[in-house]
There are 2 protein chains.
Amino acid sequence: MPRDATPTALKVHHDHDRCIADALAAAAEVCRELGARFTPLRRRVLEIVWQSHKPLGAYGILDVLAAEGRRPMPPTVYRALDFLVAKGLVHRIPSLNAFIGCTRPGRRHDGQYLICHNCGTVAELTDEGLNTALGKAARGHGFAVESVLTEAVGLCPACAERRKTAS
Amino acid sequence: MPRDATPTALKVHHDHDRCIADALAAAAEVCRELGARFTPLRRRVLEIVWQSHKPLGAYGILDVLAAEGRRPMPPTVYRALDFLVAKGLVHRIPSLNAFIGCTRPGRRHDGQYLICHNCGTVAELTDEGLNTALGKAARGHGFAVESVLTEAVGLCPACAERRKTAS
DNA sequence: ACTTAATTTGCAACATTATAACACTTCTAT
DNA sequence: ATAGAAGTGTTATAATGTTGCAAATTAAGT
């Protein structure tokens, strides 16, 4: 994917099965490189998170697992999520208390999340220019930035279109 | 205050009573302009939030009020906070589930929060350039940004100094 | 001033999100 | 094989946030 291609989440039509498959394959690869264990539970949790481009809460994941017969308790899911977040496979969106699959796993990065307040879809940008600009501004005041999380709320293309059509 | 002055929170020595007094005065003024009621409870909650430059959780505020004899229930505090946030007098830091006094009340703005992971101090920047840059990048993908919240974690000047000295 | 309507606060109950502590199992490396 | 480490299961509980309704206060019109 070119560096500034439009995030897949913002494309109305896309092969989402492909999103999931790619994410799982990339995750397996990342874990292999890091010598981390990509267990069935972790894999399944990641897969659930990737079911859509809308962030999913820990208890939402629990519900899905419960419906499958497995009846895990909260710590089980939180531990899997902690692992996935630590390995950079999943991001937590603090303002939503929810998790979303990372579209650039493997490399360390500070993302910008575009949250549609209409449909809930979240797309991830990775504009290093923004991060370095902030880092520079902060450094000017003596503050040493180590990580940045940016959450933008607005309207995604699909919802903007729908809104225009409806009026 | 000049547009790019170093946030007071990052200054080791400053007259914090002045911070509080200024914030309360500014809040009264903002409420007057908006025709909103700056009730004793709201005023007291704002004052408590301003006790330091470290964000304070709703239940922390509850504890302070409880120690004063008043024994409010959670909704009371959350409503006061909702009001203060809605009027732009207080910001919520989602990753900390906590609230901090706004240093630029009155004008609508999207801030960048510099969170020290050592002492917990949070300073607020307001770099409109960063926001417009993000808005532009998002717009390029068809996403219409309406508000942005940026949380940067790192080391504040005081803690960086302390760390250097200690080693 | 008096009444009405709207806003604010009090209060009880509850919903949601997250963690602590410890037991048990599974995997890995020797 | 076996010891140690890592992962998972389970119980209980902590921390954060909300709903719904009643009482009190305030604002505005008469």
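Below, chain A is the first sequence line, B the second, and so on; all start at residue 1.
- In this structure, the side chain of B/Asn131 engages the main chain of B/Asp110 through a donor-acceptor pair within 3.5 Å.
- Rounded to whole Å, atom P of D/dT8 lies 11 Å from atom CZ of A/Phe38.
- Remark: B/Pro74, B/Pro75, B/Tyr78, B/Arg79 in residues 72-88 of chain B come within less than 4.0 Å of DNA chain D through at least one heavy atom.
- Extent of DNA chain C lying under 4.0 Å from chain B heavy atoms, first and last nucleotide in 5' to 3' order, is C/dT7 to C/dA12.
- One interatomic measurement links the two molecules: CZ of B/Arg42 to C1' of D/dT26, which rounds to 12 Å at whole-angstrom precision.
- In this structure, B/Leu56 and B/Gly60 approach most closely via the heavy-atom pair CD1-CA, 4.1 Å.
- Of the possible donor and acceptor atoms, none in the side chain of B/His16 sits under 3.5 Å from a partner among the backbone N and O of B/Ala9.
- Nearest-nucleotide mapping onto DNA chain C: of B/Arg37 and B/Arg71, the residue sitting toward the 5' end is B/Arg37.
- Between A/Asn97 and D/dT16 there is no side-chain polar atom (N or O) within less than 4.0 angstrom of OP1 or OP2.
- In terms of modelled atom types and a separation under 3.5 Å, the side chain of B/Arg104 and the main chain of B/His109 share no donor-acceptor contact.
- One interatomic measurement links the two molecules: CG of B/Asp63 to P of D/dA14, which rounds to 14 Å at whole-angstrom precision.
- Counting only distance, with no hydrogens or angles, the side chain of B/Arg71 and the backbone of B/Ala66 share a donor-acceptor pair below 3.5 Å.
- Atom CG in B/Leu62 sits roughly 11 Å away from atom P in D/dG17 (whole-Å rounding).
- Between B/His91 and B/Tyr113, a ring centre-to-centre spacing shorter than 6.0 Å is recorded.
- Note: CZ (A/Arg70) to P (D/dT8) measures 8 Å, nearest angstrom.
- Using a distance-only test at 3.5 Å, with no hydrogens or angles considered, no donor-acceptor pair links the side chain of B/Thr76 to the main chain of B/Pro72.
- Without hydrogens or angle criteria, B/His141 side chain to B/Ala138 main chain gives no donor-acceptor distance under 3.5 Å.
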